[in-house]
K.L.:
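Sharing a structure, written as structure tokens. Questions coming.
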Protein chains: 2
Amino acid sequence: MTATPTPRVTIKDVAARAGVSKGAVSLAFNHKPGLSDATRDRIFRAAHELGWAPSLTARTLAGSRVDVVGLAVCRPARVLGLEPWYMEFVSGVQSVLAEHSSSLLLRLVRNMDEEVGVQEAWWRARQIGGSILVDFRADDPRAAMTQRLGMPAVAVGHPSLTGGLTSVWTDDATAVTEAVRYLAALGHRRIARVGGAADLGHTAIRTAAFDQAAGTLALAGAWQVGTDFSGDAGARATRSLLTAARADRPTAILYDNDIMAVAGLSVAAEMGLRVPEDVSLLAWDDSQLCRLTHPTLSAMSHDVHGFGADVARTLFSVIAGGEGGSHPVPTPVLMPRGSTAPPR
Amino acid sequence: MTATPTPRVTIKDVAARAGVSKGAVSLAFNHKPGLSDATRDRIFRAAHELGWAPSLTARTLAGSRVDVVGLAVCRPARVLGLEPWYMEFVSGVQSVLAEHSSSLLLRLVRNMDEEVGVQEAWWRARQIGGSILVDFRADDPRAAMTQRLGMPAVAVGHPSLTGGLTSVWTDDATAVTEAVRYLAALGHRRIARVGGAADLGHTAIRTAAFDQAAGTLALAGAWQVGTDFSGDAGARATRSLLTAARADRPTAILYDNDIMAVAGLSVAAEMGLRVPEDVSLLAWDDSQLCRLTHPTLSAMSHDVHGFGADVARTLFSVIAGGEGGSHPVPTPVLMPRGSTAPPR
DNA sequence: GCCTCTTACTGGACCGGTTAAGGGAGTGCG
DNA sequence: CGCACTCCCTTAACCGGTCCAGTAAGAGGC
């Protein structure tokens, strides 16, 4: 079926049908004062009969405010698809966008250069009114870009990473510390962490926090491995951690997301190790996935949906010219389940 | 940090700096004939120096073509986040959109009414140039809506579901048949299927195909259970299938996505059944998840990324006024792994 | 009855591009 | 030399809204 080129109805048609000027229609549809109720009714009726709604494009051009928010995500699709985090985050963002009847422009990019290019093109082309920036790295160019363009933006990440941008963040350092202390309290003295991509800022924060906690607790062994967040990498890391001689092997492993923890679980099974008797596993992010495994996965849990909503709210306030600053959201909390127990 | 209201540079500034009229700038940026190379160069240089790019908003208003594609997805966020399918699909769509330098407007909706509302609002407000429609149901209102609005659209789903819309689809019936025949060939005589949401068109197609295959092969037992695609539901379904007396219990289960198969795997473990010795499991969609479990999951596999790309290409051809029609893409193929074997 | 103040609405400039029509300079040809 | 024909560029209308200045009509006050 080919699309029929519909004769598009405009504000002029509505005005004509209601017997008013187009200015009046504009007033009515923006709920501004200066019209009698009778006229208002007539206008809405006419619009409804003609099936008209104001063109956002024209409205944007005239009013110079854009009701679209950008989000560029820079991770390989095969990793992204498996990370429940993003969809939950997006869903939280949308819940707030919907209230403001604005929309999300989503783009998957392959690297930072591409992301910077996309953000800049969006902004230059007046496609977005502001942007959500995720996955900050060391020397991230996006804070500078944002400032240079004068583009409203909210950064997801610890203020130390986001170069002065308004940011929303979870206190990963405290959460890592809590995780390690929990495992230590269970009696684990040799603990490993399978971390995310090393160039990601929040990975560095967690890595540092893990080191510090291991030192404070004087653990007998503390390993950290970097990955790309993919299940494959999580499996490889787990395999290499668990193939060590028994006495040298971690008895507990902390993962940076839940997909790697799932992979770790099956590596343990494949190696004939029982979870949690032989090795305890602790996930991060706590999507539903953690409750679908056997045993269920203990996890550092937080409300990703709510987090997304907070980010969107903050972005709107920045767009409105409100104060920026730093907005911490609740620290992930430990959700103990079946994959953690005292070591044998 | 508050956004500084940058004095936005427009085509006029570029024209002034290059010493030409804005019409000339427009010609240059649309690669249209009628300018000398020298002038063209001067214009591009001026634009570059000022950091100008044409406003898509203004361009759309004037040219009445919109470079944005809509996608509204109607599944609960907690299910969505876990379904690698969507992100892979989106990534495929984007790979084609990027070539046309257009963008994806994404919206998560809660029900069909909301989706219809969103699509209609997008179109009326000239926010999108066309839309991708997924998850067709019985009596789906979207074909009618699309026709009524004259909105270019591509439907993802079998032509029997999509009411005459241009559609791109996989031959699920054949794939289900192949899956059942494979399990039967292994020697399974009691086979179950844990299906998706019953009101989804492709679920119905698979259900019918399963029934037919079961009949043709004269299976001793064939069960089908409907779910909402969530891991929880998959676990419940599996549990209820496997708690039957041994002689009445399926020896193989086919799942409609991979997350439910993962859940099924852990239910089997929890019940002390070994996979594949006691029960064979066969997943659908074959994301990386299927290779992260122990045992790895056999699956009906297809190229979701490529599928998304095909859909996007088809949409562009529809927007360009090209012929619609029905575009089948390759049928999912069986990828045997560790979760299927002859019954004991 | 005249002046002021509201209220309700109109007219038109404007946002930042595209595009068709038009115009001036240079070249080829009879 | 005059005419037609290109080539290159300008002019101005237009897309579909917003918004502000202006106006007409009615109400209220003295």
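In what follows, chains carry the letters A, B, and so on, assigned in the order in which the sequence lines appear, proteins first and then strands, with residues in each chain numbered from 1. Computed from a prediction, not measured in an experiment: that's the story for all the values here.
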K.L.:
If you walk 5' to 3' along DNA chain C, what is the first nucleotide with an atom under 4.0 Å of a heavy atom in chain A, and what is the last?
P.N.:
C:dA8 to C:dG16

K.L.:
Could I get the full list of side-chain hydrogen bond (donor to acceptor under 3.5 Å, both in side chains) partners for A:D113, not counting sequence neighbours?
P.N.:
none

K.L.:
Pairs in or reaching into residues 141-169 of chain B: which pass ring pair (Phe, Tyr, Trp, His ring centres under 6.0 Å), with residues at least two apart or in two chains?
P.N.:
B:H158-B:W169

K.L.:
Tell me what B:S36 touches on the nucleic acid: a base, only sugar-phosphate, or nothing, going by heavy atoms under 4.0 Å.
P.N.:
sugar-phosphate

K.L.:
When rounded to the nearest 0.5 angstrom, what is the spacing between CG in B:L56 and CZ in B:R59?
P.N.:
6.5 Å

K.L.:
Are any non-hydrogen side-chain atoms of B:H327 and B:D310 less than 4.5 angstrom apart?
P.N.:
no

K.L.:
Looking at B:H100, I want to see if its NE2 is surrounded by more than 12 non-hydrogen atoms of other residues, nucleotides or ligands under 6.0 Å.
P.N.:
yes

K.L.:
Measure from the side-chain N and O atoms of B:R313 to the backbone N and O of B:V96, and report whether any donor-acceptor pair falls under 3.5 Å.
P.N.:
no

K.L.:
Going by the rule side-chain hydrogen bond (donor to acceptor under 3.5 Å, both in side chains), which residues pair with B:R107 if we only count those two or more places apart in sequence or in a different chain?
P.N.:
none

K.L.:
Among B:L104, B:L315, B:D67, find the one that has a side chain to side chain contact (heavy atoms under 4.5 Å, CB included) with B:L97.
P.N.:
B:L104

K.L.:
I want to check something: taking the side chain as every heavy atom from C-beta on, are A:Q127 and B:V68 in contact at a cut-off of under 4.5 Å?
P.N.:
yes

K.L.:
Roughly what angle, to 10°, lies between the helix axis at the start of the helix from C:dG1-D:dC30 to C:dG30-D:dC1 and the one at its end, five pairs per end?
P.N.:
60°

K.L.:
Do B:S102 and B:F316 make a side-chain contact, defined as non-hydrogen atoms from C-beta onward lying under 4.5 Å apart?
P.N.:
yes

K.L.:
Once each nucleotide of nucleotides 13-27 of chain D is scored for protein heavy atoms under 4.0 Å, what B/S/- sequence comes out, 5' to 3'?
P.N.:
--BBBBB--------

